[in-house]
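Report on the following structure.
Order of appearance sets the numbers: ligands from 1, and atoms from 1 within every ligand. Since this is a predicted model, take the numbers as computed values, not measurements. Along the sequence shown, the residues carry numbers beginning at 1.
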Amino acid sequence: MEAPQVWGKRWQENTLPMARRYMEVACRKQSLVCLAADRSTMAGLNQLIDEVGQHIAALKTHVDLVDDWTADSWAAFCAKAEAADLIIFEDRKFADIGKISRNQMAGVYDIRSWSDLVTAHLISGPDIVDGLQAGWADVNRQGGVLLLAQMSSRGNLLNPQYTAQVVEKGKTHDGVFGFIGNGSRPDELRELRKTVGEAKMIWTPGVNLAVGDGEMGQRYGDPAQAINAGSDCIIVGSGIHMADNPSQQAAKYAEVSWHALLNR
Ligand code: 5BU
């Protein structure tokens, strides 16, 4: 199926190249799944892409939790992800002033050179988005920022007033790809979608077919409910990478997410 037909208003109102790319990848893969690839060895990470790459649309990384990271092994890993038609998303949660965030896109990990998306808090003000965009521009690349409007963890401090301000400042900025919403609470998500409107993306962690409490304050909601409530991408980590059969589970999340979008 064609992306404009499947995504409807989201396609019409969001003309950012990276958002269009995501919507197209999701249609090719028939999956709204972003895998949170939280494994600590390069071998484990590579194995994950081999096993589940065909069932996911995006790959979320935490580059700084890999024990045996090297620049070369990471470059090969990113090439593998690109070959599997995946959008690469570094969940770095930048939070500093604009200039430092720009410089943090470089450094040892050189996030600007391989990431298509990154996360950021807006706690330091809107210049962080320009800083991150300048980071990509420094290496002639383009990328998009996902602002944390909500979080999935219990007791987080992103209250409704804070969320509203993040959305207000972010929704008209071209450098903002979209917002992180709380996948574990469909009602909160529905409110978020109302304030965001139809244009920007909302991606949601805190999603698992086994709904309930996770480790250390993580909370999980149902993937189809999250998409019904306005999420455009379910971010799934342990539900896939800790499964006995990651490929089978990834296929299941893909199917559930795709049908939820078609129903929406
Ligand atoms: P899990 O294994 O499905 O719980 O992994 C969730 C991932 O999403 C993990 O990489 C977190 O860093 C990430 N995450 C989250 O869980 N909640 C949030 O609010 C944000 C990110 Br932002």
Side-chain angles (χ1 to χ4, degrees), residues 31-41 44-45 48-49 52 55-66 81 86-95 111 115 117-123 128-129 132 144-160 162-163 166-167 170 176-186 188-189 192 196 200-227 229-244 246 249-250 252-254 256-257:
S31 170
L32 274 65
V33 178
C34 172
L35 170 69
D38 297 331
R39 284 195 180 164
S40 55
T41 65
L45 287 167
L48 256 187
I49 298 190
V52 313
H55 303 302
I56 61 176
L59 176 76
K60 188 176 86 62
T61 56
H62 282 301
V63 67
D64 52 356
L65 60 67
V66 183
L86 299 175
I87 287 174
I88 305 179
F89 163 22
E90 168 60 23
D91 189 8
R92 170 65 177 71
K93 300 183 181 73
F94 290 96
I111 293 169
S115 65
L117 299 171
V118 299
T119 39
H121 287 285
L122 209 62
I123 193 81
I128 191 168
V129 178
L132 295 170
V145 178
L146 276 158
L147 292 175
L148 276 75
Q150 297 175 337
M151 289 190 76
S152 64
S153 45
R154 74 178 171 210
N156 72 71
L157 306 182
L158 285 66
N159 62 34
Y162 178 84
T163 299
V166 171
V167 172
V176 174
F177 172 87
F179 301 94
I180 295 291
N182 175 8
S184 73
R185 293 290 181 275
E188 290 177 24
L189 213 46
L192 180 65
V196 168
K200 295 282 189 194
M201 287 279 145
I202 297 178
W203 285 28
T204 53
V207 165
N208 198 299
L209 286 166
V211 169
D213 290 336
E215 273 179 60
M216 293 191 165
Q218 175 69 303
R219 301 173 295 184
Y220 292 119
D222 176 73
Q225 280 186 23
I227 289 167
S231 167
D232 301 308
C233 179
I234 51 168
I235 298 172
V236 184
S238 32
I240 293 174
H241 68 75
M242 297 285 280
D244 291 338
Q249 276 307 99
K252 204 179 275 180
Y253 279 96
V256 166
S257 66

Distance under 4.0 Å to a non-hydrogen atom of [X]: what atoms of ligand 1 satisfy this?
X    : value
G237 : 1 (P), 2 (O), 3 (O), 5 (O)
K93  : 12 (O), 20 (C), 21 (C), 22 (Br)
Y220 : 1 (P), 2 (O), 3 (O), 4 (O)
D91  : 12 (O), 13 (C), 21 (C)
I180 : 22 (Br)
A36  : 7 (C), 10 (O)

Nearest neighbour in protein (non-hydrogen) for [atom]:
atom                    : answer
atom 16 (O) of ligand 1 : Q218 NE2, 2.9 Å
atom 17 (N) of ligand 1 : S152 OG, 2.7 Å
atom 12 (O) of ligand 1 : H62 NE2, 2.8 Å
atom 9 (C) of ligand 1  : D38 OD2, 3.3 Å
atom 14 (N) of ligand 1 : P205 CB, 3.7 Å

Could you tell me whether the side chain of [Y] reaches within less than 4.5 Å of the side chain of [X], counting heavy atoms only?
X    : Y    : value
V256 : Y253 : no
L117 : V145 : no
F179 : L146 : no

Taking a cutoff of less than 4.0 Å between a non-hydrogen atom of the residue and any ligand atom, is E215 in contact with ligand 1? no

Would you say L148 contacts ligand 1, with heavy atoms under 4.0 Å as the rule? yes

Please say whether more than 12 non-hydrogen atoms of neighbouring residues, nucleotides or ligands are located less than 6.0 Å from CG in L65. yes

Is the side chain of D232 donor-acceptor paired with the backbone N or O of I202 at a distance under 3.5 Å, no angle test? yes

Would you say S238 and ligand 1 have an N/O pair spaced under 3.5 Å apart? yes

If you measure only the distance, is there a donor-acceptor pair under 3.5 Å linking the side chains of S152 and N182? no

Logged contact type for M151 with ligand 1, heavy-atom cut-off 4.0 Å, is both

